[in-house]
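To start, the structure itself, in structure tokens.
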Amino acid sequence: MFIMKFGGSSVGTAESIVKVFDIVARQVNTKILVVLSALKGITDDIFALTLLAKQNELLQAQKRIDAIKDRHLEMIREAVIGADLQKQAEVEIEKLTNKLSQQARGISLLRELAPAVLDKCLSYGEKLSTTVFYFISRSRNLPCILFSAERVIKTDDVFGKGNPDYKSIRDNAQNELLPIFDNYDVIITQGFIGSTTQGKTTTLGRGGSDLSASLFGMALSADEIQIWTDVSGVLSTDPRLAPEAVTISSMSLSEIRELSFFGAKVLHPETIKPAMQDNIPIKVLNTFEPENCGTTIRQEKSEVEPNFHSVTAKNNILSINISLNSLSASNKQILDIFAIFERYGITALASSSSESSFTAFVEPLADREIALLREGLFGYDFAFDSGSLICLVGSRITESTALFDKFHSAVKHLPVKYILYGNSAESIFIFAGEEHSHSLQAALHNIIVA
């Protein structure tokens, strides 16, 4: 059984949503759960119209709803084959947008946008897209059924970012969803949305459709989860920096965690954690280049040879170098420093320590935060520096002397200020002046693709 999740960019136009159908239809003799996001931009449109309704701009809110309806109806006319099915699809779209209009009128009347009401409104993005895709699939003779994700994905009542109830999701999937596969090879459902045990609609927050796919995969013990997007997996670096960037065929969750933390456009590790805990492989694939093998993400890669995979960077990073007091235990002082960071909401992206000093690398701080930090670190000698923090990621890279030699050869003639090596088996950090960031990334990328 496969879970196939398609993001908003994959279902943005009639042409692209037909590509999605073609990808699904090629998976013959396989049980498939198709998880869809809202059409690209629709979630933002719905949020905007709810704000208009709250401000009593109901006419403007309704215009937004009409535009949303027209976009879906146009897609139906372009992609659904047959007048009868087109008519049926149009009726369903009318029903859904009428319900959205009712919600908008309620918001306008009360001049209030409660989190539960906002979640209810936002859910219509996925309900509309799955309705369109269901009728496109039926019109092309694909035996399928449309299933409400709210019947399976149960959460608490933290609206806007519902926390999944794993046990309920497993039980519901086994009892309500799995039996449907006895009669259908393809089930179509929504990402991003769920419901409380009382039946109130919730959403899972940004990246929620990836989380939905992961939860469904976990609950159904899927063989594989496929995340279809507009990029061919995880790349070795930003292609704007290096057009020769290549797709990494296989990576571990630890590597994805490092890249995501540094802002790389990859899956957020938290959204795929449910599947990873059950050792279900996840593939990141390109809807517009389906022949590309993409990237497979697994829990760990201990059996794979050490190798470099990807390089990314954060610019405008602040380094804080603190001299420790020789009259006090260094570990206690470091704990005190982290407590000061915690007090002022400062997160260390990376850090390094010795018996006499401690260095942390943090996101840029406002003048007020720097003043508070100076006050908190009173009694310590410390210095600030700014630059880029570059992250080189790979599998077991700190276990290989050969890889270390390659790394050293790549950077030995470049102006590096700090190297943090050995904190993790999957990453090496370099701090350098921002003006040298591109040359360092290019040098490191060369050893990846060599």
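Along the sequence shown, the residues carry numbers beginning at 1.
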For [X], does the [atom1] atom have more than 12 heavy-atom neighbours from other residues, nucleotides or ligands under 6.0 Å away?
{"X": "Glu244", "atom1": "CD", "answer": "yes"}
{"X": "Glu375", "atom1": "CD", "answer": "no"}
{"X": "Asp367", "atom1": "CG", "answer": "no"}
{"X": "Lys99", "atom1": "NZ", "answer": "no"}
{"X": "Glu435", "atom1": "CD", "answer": "yes"}
{"X": "Glu434", "atom1": "CD", "answer": "yes"}

Is the closest basic N to carboxylate O distance between [X] and [Y] below 4.0 Å?
{"X": "Arg257", "Y": "Glu270", "result": "yes"}
{"X": "Lys5", "Y": "Asp210", "result": "yes"}
{"X": "Asp278", "Y": "Arg170", "result": "yes"}

Would you check if [X] and [Y] make a side-chain contact, meaning some heavy-atom pair closer than 4.5 Å?
{"X": "Met1", "Y": "Thr30", "value": "no"}
{"X": "Met251", "Y": "Leu259", "value": "yes"}
{"X": "Ile225", "Y": "Phe2", "value": "no"}
{"X": "Asp156", "Y": "Asp165", "value": "no"}
{"X": "Phe147", "Y": "Leu33", "value": "no"}

Would you kindly say whether [X] and [Y] are connected by a side-chain donor-acceptor distance under 3.5 Å?
{"X": "Gln441", "Y": "Ser437", "result": "yes"}
{"X": "Lys54", "Y": "Thr50", "result": "no"}
{"X": "His445", "Y": "Ser236", "result": "yes"}
{"X": "Asn56", "Y": "Ser108", "result": "yes"}
{"X": "Asp157", "Y": "Thr196", "result": "no"}
{"X": "Gln62", "Y": "Ser101", "result": "yes"}
{"X": "Ser232", "Y": "Asn286", "result": "yes"}
{"X": "Thr155", "Y": "Thr202", "result": "yes"}
{"X": "Glu150", "Y": "Thr201", "result": "yes"}

Between [X] and [Y], which heavy-atom pair has the shortest distance, and what is it?
{"X": "Thr97", "Y": "Ile65", "value": "O-CG2, 3.8 Å"}
{"X": "Ala432", "Y": "Pro415", "value": "CB-O, 3.7 Å"}
{"X": "Ile3", "Y": "Ala222", "value": "CG1-CB, 3.8 Å"}
{"X": "Ser353", "Y": "Ile334", "value": "CB-CD1, 3.5 Å"}
{"X": "Ala410", "Y": "Ala443", "value": "O-CB, 3.7 Å"}
{"X": "Cys391", "Y": "Ser427", "value": "SG-CB, 4.1 Å"}

Measure centre to centre between the rings of [X] and [Y], then say whether the value is under 6.0 Å.
{"X": "Phe382", "Y": "Phe384", "answer": "yes"}
{"X": "Phe21", "Y": "Phe6", "answer": "no"}
{"X": "Tyr418", "Y": "Phe361", "answer": "yes"}

> Could you walk me through whether Leu389 and Phe429 pass the side chain to side chain contact (heavy atoms under 4.5 Å, CB included) check?
Replying inline: CA-CA 7 Å; Leu389 190 61; Phe429 299 109; 4.3 Å; yes

> Under the side chain to side chain contact (heavy atoms under 4.5 Å, CB included) criterion, do Glu355 and Leu324 qualify, and how do the steps go?
Replying inline: CA-CA 7 Å; Glu355 189 63 25; Leu324 302 179; over 6 Å; no

Report the distance from atom [atom1] of [X] to atom [atom2] of [Y], rounding to the nearest 0.5 Å.
{"X": "Leu365", "Y": "Ile370", "atom1": "CG", "atom2": "CD1", "result": "5.5 Å"}
{"X": "Ser209", "Y": "Gln190", "atom1": "OG", "atom2": "CD", "result": "10.0 Å"}
{"X": "Leu414", "Y": "Ile430", "atom1": "CG", "atom2": "CD1", "result": "9.0 Å"}
{"X": "Ile297", "Y": "Ile248", "atom1": "CD1", "atom2": "CD1", "result": "12.0 Å"}
{"X": "Leu36", "Y": "Thr131", "atom1": "CG", "atom2": "OG1", "result": "10.0 Å"}
{"X": "His309", "Y": "Thr295", "atom1": "NE2", "atom2": "OG1", "result": "9.5 Å"}

> Which is it for Phe358 and Phe338 under the ring-ring contact (aromatic ring centres under 6.0 Å, His included) test, yes or no, and what are the steps along the way?
Replying inline: CA-CA 11 Å; Phe358 172 79; Phe338 272 119; 5.4 Å; yes

Within the distance-only criterion (no hydrogens, no angle test), does the side chain of [X] pair as donor or acceptor with the backbone N or O of [Y] below 3.5 angstrom?
{"X": "Asn321", "Y": "Thr359", "answer": "no"}
{"X": "Thr189", "Y": "Ala149", "answer": "yes"}
{"X": "Gln60", "Y": "Glu57", "answer": "no"}
{"X": "Ser409", "Y": "Asp405", "answer": "yes"}
{"X": "Ser354", "Y": "Ser356", "answer": "yes"}
{"X": "Ser212", "Y": "Phe192", "answer": "yes"}
{"X": "Gln27", "Y": "Val24", "answer": "no"}

>> Applying side chain to side chain contact (heavy atoms under 4.5 Å, CB included) to Asn292 and Leu285, what does each step give before you reach the verdict?
In response: CA-CA 7 Å; Asn292 191 301; Leu285 299 158; over 6 Å; no

> Given Ser328 and Lys332, is the side-chain hydrogen bond (donor to acceptor under 3.5 Å, both in side chains) satisfied, shown in steps?
Replying inline: CA-CA 8 Å; Ser328 179; Lys332 181 180 183 306; 5.7 Å; no

>> salt bridge (Lys or Arg N to Asp or Glu O under 4.0 Å), that's the test. Do Glu363 and Lys314 meet it? Break it down for me.
In response: CA-CA 9 Å; Glu363 299 274 13; Lys314 274 184 175 288; 3.2 Å; yes

> When you look at Asn307 and Ser395, which way does the side-chain hydrogen bond (donor to acceptor under 3.5 Å, both in side chains) test go after all the steps?
Replying inline: CA-CA 5 Å; Asn307 206 355; Ser395 59; over 6 Å; no

> Please walk me through it: do Ser319 and Asp385 pass side-chain hydrogen bond (donor to acceptor under 3.5 Å, both in side chains)?
Replying inline: CA-CA 5 Å; Ser319 77; Asp385 195 7; 4.6 Å; no

>> The test is side-chain hydrogen bond (donor to acceptor under 3.5 Å, both in side chains); show your working for Ser195 and Lys154 and say whether it passes.
In response: CA-CA 5 Å; Ser195 68; Lys154 294 298 176 181; 2.7 Å; yes

